[in-house]
Amino acid sequence: MTPELPHSLVITYNKGYQERNAELHLPSSKLAILMVDKGYLYIELDDIGTTLESNELCILTGIYSKSVHIENNTADLWIIAFDPSHIFQGKDLETGSTFLAFLNSVGYTKIPLKSTDQATLTQWLRLLVNKNSINDGGPERPNIRFWNLKSFLRELSEIYFLNIPKPGRGWHRDHILVSRFLQLIEIHFTLQHSVKWYADTLLVSSDHLSKVVKKITRKTAKQCIEERLIVAAKSMLLKNAPITRIWNILGFKTSSHFGYFFKKYTSMAPSAYRKQSFIKE
């Protein structure tokens, strides 16, 4: 089997797939995620062999390997593949963009999943499949696809940086520094908003941290912190949380400070953003 991944979003679920050998071609612009629901999978990429078992997830980007060899596949397996530049057409993915840029620089990573985390990711994947009729040839709805894929990536980024794996082959110290920085953001972003705090915690200068983060993610350290705050604020606004509670939870000193910050990034006041979102629904 030699499936060529197209330029659009592809999601497949192979249940108890029994083919012992398969070849997955991964073009240079493609990102692929393999998540084992049940069973066992052995893959080879370049000269590296690794196993994937139940509740494990593997992320690959085309810069690392153009071909992934699959052996002894008896797993129930999700395969998600897409070209980020084609799917999102230059749109800002919020935390997704930083996360994807980091993954692209690393090339390959594998993480264990808690049962609750896997259930959450599976829920989003089923929504992507069902809402867009991707596998049955029905009409696709790009806006829903974009929103659901962005939500899936947001969940995956939170899981990844809260359970970050050991540095893999091909990682160098810049990758390690950025991964630790993004992990610290995920844990402390509601209380710590300054680059200096993260730099001091990581025992580097603020300038060095920003330089390395910019090289890996194409965003400054400050942008990474602030976009995480924006994503959290948007999520709470859509859940109809009181604005007073939102700015308190996110560590802003006053409502006006939060409103100014939110409008700088979205060109809208928090209340207007919530109203517009509800109207669109």
Side-chain angles (χ1 to χ4, degrees), residues 9 11-13 31-39 41 43 50-61 64 75-82 84 87-88 93-129 145-168 171 175-192 198 213 216-217 219 224-225 227-236 238-239 249-250:
L9 172 66
I11 302 175
T12 61
Y13 183 68
L31 181 143
I33 301 168
L34 282 66
M35 186 172 74
V36 176
D37 192 10
K38 293 186 295 184
L41 181 70
I43 63 174
T50 187
T51 59
L52 285 179
E53 300 180 2
S54 297
N55 295 349
E56 287 188 331
L57 179 145
C58 175
I59 305 170
L60 305 164
T61 57
Y64 188 80
D76 290 356
L77 174 71
W78 284 98
I79 301 175
I80 311 99
F82 61 93
I87 293 293
F88 298 102
L93 297 186
E94 300 163 341
T95 51
S97 59
T98 303
F99 180 49
L100 291 177
F102 174 77
L103 292 179
N104 192 61
S105 71
V106 171
Y108 161 76
T109 189
K110 183 177 79 170
I111 58 173
L113 297 172
K114 298 176 183 177
S115 297
T116 51
D117 292 336
Q118 178 146 1
T120 299
L121 295 177
T122 299
Q123 180 183 24
W124 282 114
L125 291 172
R126 293 192 185 283
L127 279 173
L128 276 162
V129 171
R145 177 178 63 179
F146 173 77
W147 191 86
N148 285 339
L149 183 55
K150 186 171 69 171
S151 298
F152 171 79
L153 289 171
R154 184 168 61 243
E155 292 286 354
L156 181 57
S157 68
E158 292 179 15
I159 292 167
Y160 185 93
F161 289 117
L162 288 175
N163 304 278
I164 198 160
K166 294 179 181 179
W171 287 43
H175 291 131
I176 296 170
L177 178 62
V178 174
S179 69
R180 290 176 62 198
F181 168 64
L182 295 175
Q183 183 181 38
L184 285 174
I185 289 178
E186 201 58 48
I187 298 169
H188 300 288
F189 75 93
T190 59
L191 296 175
Q192 303 296 340
Y198 292 94
V213 171
I216 298 296
T217 70
K219 295 186 179 182
C224 291
I225 297 165
E227 72 175 17
R228 186 64 186 91
L229 288 164
I230 287 294
V231 168
K234 286 181 176 180
S235 176
M236 286 187 278
L238 295 180
K239 293 176 182 177
I249 289 175
L250 296 181

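Across all their heavy atoms, Thr217 and Val178 have their closest contact at CG2-CG1, 4.0 Å. Among all heavy-atom pairs drawn from Tyr198 and Gln192, the shortest one is OH-O, 2.8 Å. Heavy atoms only, all atoms of each residue included: Gln118 and Val36 are closest at NE2-O, 3.0 Å.
Taking CG of Asn55 as the reference point, atom CG of Asp37 lies at 7.5 Å (rounded to 0.5 Å). Rounding to the nearest 0.5 Å places CG of Leu113 at 12.0 Å from OH of Tyr160. Note that CD1 of Ile80 and CE of Met35 are 6.0 Å apart. Values are rounded to the nearest 0.5 Å. Annotation: the span from Cys58 atom SG to Ile33 atom CD1 amounts to 10.0 Å, rounded to 0.5 Å.
Counting heavy atoms from C-beta outward, Leu156 and Ile59 have side chains that approach closer than 4.5 Å. Using a 4.5 Å heavy-atom cutoff, the side chains of Phe181 and Ile225 are in contact. Inter-residue side-chain proximity for Leu121 and Leu57 is flagged as met; some heavy-atom pair is nearer than 4.5 Å. Two residues are said to be in side-chain contact when any heavy atoms from C-beta on lie closer than 4.5 Å; Leu182 and Glu186 fail this criterion. Between Leu250 and Phe189, the closest side-chain pair of non-hydrogen atoms falls below 4.5 Å. Between Glu155 and Asp117, every side-chain heavy-atom pair lies at or beyond the 4.5 Å cut-off.
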### Query
Could you walk me through whether Glu158 and Arg228 pass the salt bridge (Lys or Arg N to Asp or Glu O under 4.0 Å) check?
CA-CA 10 Å; Glu158 292 179 15; Arg228 186 64 186 91; 3.1 Å; yes
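For Glu56, the salt bridge (Lys or Arg N to Asp or Glu O under 4.0 Å) criterion is met by no residue, not counting sequence neighbours.
In this structure, Lys234 does not pair ionically with Glu227, as no charged nitrogen and carboxylate oxygen lie closer than 4.0 Å.
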